[in-house]
Amino acid sequence: MNQQEQFRLKVGLAEMLKGGVIMDVTAPEQAQIAERAGAAAVMALERIPADIRRDGGVARMSDPAMIKRIQDAVSIPVMAKCRIGHIAEAQILETLEIDFIDESEVLTPADEENHIDKHGFKVPFVCGCRDLGEALRRVGEGAAMIRTKGEAGTGNVVEAVRHMRSVTRSIRMLTQLGDGELMAESKRLGAPYELVKQVARTGKLPVPNFAAGGVATPADAALMMILGAESVFVGSGIFKSDDPEPRARAIVQAVANYNRPEILAQVSAGLSVGMKGFDVREIPDEQLLAKRGW
Amino acid sequence: MKRPDEGGARRAPSPGTRPPRRAPRVGVLSLQGDFDRHRASLEPLGVEVVRVTLPRDLAALDAIVLPGGESTTLLRLLEATGLRDPIHAFVRERPALGTCAGLILLARECRPLPAPPLEVLDVAVERNAYGRQIDSFSAEVETSVLDGPFLGVFIRAPRIRRLGEGIEVIARHRGEPVGVRSGRTVGLCFHPELTSDSRLHRWFLGEVAGLDVPPARGPAPAAAASPGGRGTGEDHP
């Protein structure tokens, strides 16, 4: 199968996840709760971002035995994270037949210059971005889905909003430029020229554009959809709350009905205390996960 | 069974002009999944596409499309939005096309699934029966309803394990049924909406639903090709 046809299959799965919620889970029981609640996929990992942030140290790919137990527990797609640039971890995840690999800034980067060349894999990749240039660099490397980085593990949606706003604003600006201005813009963005031309023509990213990083409530999820996300990743927000299953169900409904405030009001009502979260400005610069990735 | 007759009454607009009455209204269940790709396949065929997320969206639809997505998620959302019963009533009487998860929703039996499907298409379907994403594939499928083969895109696709009485097989891959029809109901294991080839959508609207669809302009696209037009916007680098 040629690379273009392979890419159609990878983006195809991303298309199937649209309008859905992808939930971080650390155990088979959590994966089953997520599936029951209507998650479109789960992300299998040993520690959710909030705990990675608390524990410090080097965060790596999860134990394959743990990933397998989660794969056996559910029928929906299972994703897993590898470190930025860690080709071997990605190959291990592919061997495990994981459905989507997240080359993620939440783990400690293995390469401070290069991301993985994702074209060579049969399994699709999702990568984080803060702006359009970063998104298109990842697509150029073969990512089949883009998500905002946000600031994972904070329960604070402000960074995800910043990143989504930045991507959509840059896309709108691109569509207003003349053909003769696109090379300079490509240079400014640090993004492949062909992809810049494509986005200028179509007014959208070449692959599905999801939101992640700090989503904690049904309203947060709906906000990201209103701002242009096509699906939402929820990490610490669900299983760090007091009431994971009702919250998971509510977030699933909020994403499907993001443009119907009356339904959002209904599903938001009566949830117990959400993840406490904190102000991103309290985090020392060197501990910001979103700064990882190049 | 009144709607398809109304559809018949809208036939035969004078060539080169728009039909005098409203365009056919086709709903796409838009709770979760690749509903936007179905919209992109349907709109160039001259139909009005309606996003279906609430029971009231089903009013005055001529046909409905159930997209690909996660069938477990779709079933939960059908329950939560109160759409399950109205959709069930709709697909029992009116034209419906289901692709992948949409086929699962229409099937009589499917395992494993958290809630029963809508049971209007007498087939048994097995979810993710080819395996995980690494086993997703695309291949030519033979169809009895189009001129020439069609590129079938199979994403974590289901397999049809049993055919009930009166089920017509309209597409096969390596001899195995991957597309079925029973009266006004069509189910496909693959995703025509992920290609720029709209022949199956056109066939469903015209031949199955009896709707008035303007004739194709120019030659039918080759199965694997994505030649120009709005298809290119969706194409991949």
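To find a chain, count down the sequence lines: A is the first, B the second, and so on, and within it residues start at 1.
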Margin query: Quick check for you: among A/A144, A/P77, A/P192, A/S231, which has the greatest number of heavy-atom pairs under 4.5 Å with chain B?
Written below: A/P77
Checklist line | Salt bridge flag under 4.0 Å for residues B/D36 and A/K18 | finding: no
Note to self: For the interface with chain B, which of A/G12, A/G203, A/P208 has the highest count of heavy-atom pairs at distances below 4.5 Å?
What the structure shows: A/G12
Check: Would a distance-only check, ignoring hydrogens and angles, find a side-chain to backbone donor-acceptor pair under 3.5 Å from B/Q32 to A/M16?
Finding: yes
Margin query: For the OG1 atom of B/T73 and the CD1 atom of A/I76, what is their distance to the nearest 0.5 Å?
Written below: 6.5 Å
Item checked: Heavy atoms from other residues, nucleotides or ligands near CG of A/D72 exceed 12 (cutoff 6.0 Å) -> yes
Item checked: For B/T81, side chain to side chain contact (heavy atoms under 4.5 Å, CB included) partners two or more places apart -> A/N257, B/L31, B/L83
Notebook entry, point to check: Does any heavy atom of chain B fall under 4.5 Å from the side chain of A/Q71, the backbone, both, or neither of them?
Noted result: both
Please report, to 0.1 Å, the donor-acceptor pairs under 3.5 Å made by any side chain of residues 95-112 of chain B, with sequence neighbours excluded.
| unit_1 | atom_1 | unit_2 | atom_2 | d |
| --- | --- | --- | --- | --- |
| B/T99 | OG1 | B/H38 | NE2 | 3.1 |
| B/T99 | OG1 | B/G68 | N | 3.4 |
| B/T99 | OG1 | B/E193 | OE2 | 3.3 |
| B/E109 | OE2 | B/R162 | NE | 3.3 |
| B/E109 | OE2 | B/R162 | NH2 | 3.1 |

Checklist line | chain A contact via B/I134 - side chain, backbone, both or neither, heavy atoms under 4.5 Å | finding: both
Item checked: For A/E89, side-chain hydrogen bond (donor to acceptor under 3.5 Å, both in side chains) partners two or more places apart -> A/R83
Margin query: Please classify the contact between A/E230 and chain B as side chain, backbone, both or neither, with a heavy-atom cut-off of under 4.5 Å.
Written below: neither
Check: Looking only at heavy atoms, which of residues 28-39 of chain A get nearer than 4.5 Å to chain B?
Finding: A/E35, A/R36, A/A37, A/G38, A/A39
Item checked: From CA spacing to verdict: side-chain contact (heavy atoms from CB on, under 4.5 Å), B/L151, A/E5 -> CA-CA 11 Å; B/L151 182 73; A/E5 202 48 43; 3.7 Å; yes
Notebook entry, point to check: Does the B/Q133 side chain pair with the main chain of A/V123, one donor and one acceptor, at a distance under 3.5 Å?
Noted result: no
Check: What are the two closest heavy atoms between A/L9 and B/S136, and how far apart are they?
Finding: CD1-O, 3.5 Å
Check: Heavy-atom distance under 4.5 Å to chain B: side chain of A/Q253, backbone, both or neither?
Finding: both
Checklist line | Under 4.5 Å from any heavy atom of chain A - which part of B/R156 | finding: side chain
Margin query: Check whether A/R8 reaches the backbone of B/L194 with its side chain - one donor and one acceptor, N or O, closer than 3.5 Å.
Written below: yes
Notebook entry, point to check: Are the side chains of A/I263 and B/L54 in touch, meaning some heavy atoms are under 4.5 Å apart?
Noted result: yes
Notebook entry, point to check: If you count the non-hydrogen atoms of other residues, nucleotides and ligands that lie under 6.0 Å from CG in A/N2, is the total more than 12?
Noted result: yes
Notebook entry, point to check: What residue in B/G131, B/S138, B/P67, B/S30 has the most heavy-atom pairs under 4.5 Å with chain A?
Noted result: B/S138
Check: Looking at A/Q6, A/E194, A/E97, A/K122, which has the largest count of heavy-atom pairs under 4.5 Å with chain B?
Finding: A/E97
Next item on the list: Just give me the residue among B/E70, B/H191, B/R132 that pairs up with chain A most often, heavy atom to heavy atom, under 4.5 Å.
Entry: B/R132
